[in-house]
Structure formats: structure tokens, C-alpha cells
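Working notes for the structure below.
Ligands are counted one by one from 1 in listed order, and the atoms in each one are counted from 1 as well.
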Amino acid sequence: MNLNLIEDACQAQGSRHRGRLAGTFGEVGCFSLNDGKIYAAGEGGYLLIDNPVIAARAAAYRTH
Ligand SMILES: *Cc1c(COP(=O)(O)O)cnc(C)c1O
């Protein structure tokens, strides 16, 4: 079985589980910067991705 983990780490910037940073457990780590979040920038967010194929696909959706 080949499962890809998309990690919801929306408000976990800088936190760790067993020494590993949030957002680095799966293929994609997702963070939110919307109002009301720990790190707010009005709206938006960002992804942590180390697979160039997945990063290119995600970038194609960045303005949606
Ligand atoms: C805010 C939040 C979301 C939704 O993210 P948005 O980019 O604001 O829509 C998802 N998961 C968690 C844990 C959140 O805190």
C-alpha cells in the first residue's frame, strides 16, 4: 500500500513531536496564516514539501 500523508500543522509552527518538527512527518505539511491563527498574516498559508513533483503540482494551485 502506498499512502501519502498530508499533515495538518496549521497552527503548529515550531512545535515538535518526539524531536521532529511539525509539518515534516508527511509528504506535505500545511500551515495557515489566516486571521486568528498563532502566526497571522491576514490570509494565506504555506506548505512544506521536499518532493519536487508534488511541489510543482501544489504550485499550480497557489492562486486558488
Ligand atoms: C485554521 C486551521 C485550518 C484551516 O486552515 P485555513 O487555511 O485557515 O483555512 C485547518 N486546520 C487547523 C488545525 C487550523 O487551525
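- Of all atoms in ligand 1, listed by their number and element, those nearer than 4.0 Å to a heavy atom of Gln11 are 15 (O).
- Of all atoms in ligand 1, numbered sequentially from 1 with element shown, those under 4.0 Å from a heavy atom of Ser32 are 5 (O), 6 (P), 7 (O), 8 (O).
- The option from Asp8, Leu33, Asn34 that lies nearest to atom 9 (O) of ligand 1, judged by heavy atoms, is Asn34.
- Between Leu21 and Arg16 the shortest side-chain heavy-atom distance falls below 4.5 Å.
- Counted within 6.0 Å of CG on Asn4, heavy atoms from surrounding residues, nucleotides or ligands total more than 12; the atom is thus considered enclosed.
- Contact between Ala40 and Asp35 at its shortest, heavy atoms only, is CB-CA, 4.1 Å.
- Using a 30° and 60° split on the angle between ring planes, Phe31 and Tyr46 fall in the parallel class, below 30°.
- Atom 3 (C) of ligand 1 has Cys10 SG, 3.6 Å as its closest protein atom, hydrogens excluded (heavy atom only).
- Residues Arg57 and Ile49 are not in side-chain contact: their nearest non-hydrogen atoms beyond the backbone lie 4.5 Å or more apart.
- For ligand 1, the atoms closer than 4.0 angstrom to any heavy atom of Lys37 are 1 (C), 2 (C), 3 (C), 8 (O), 14 (C), 15 (O).
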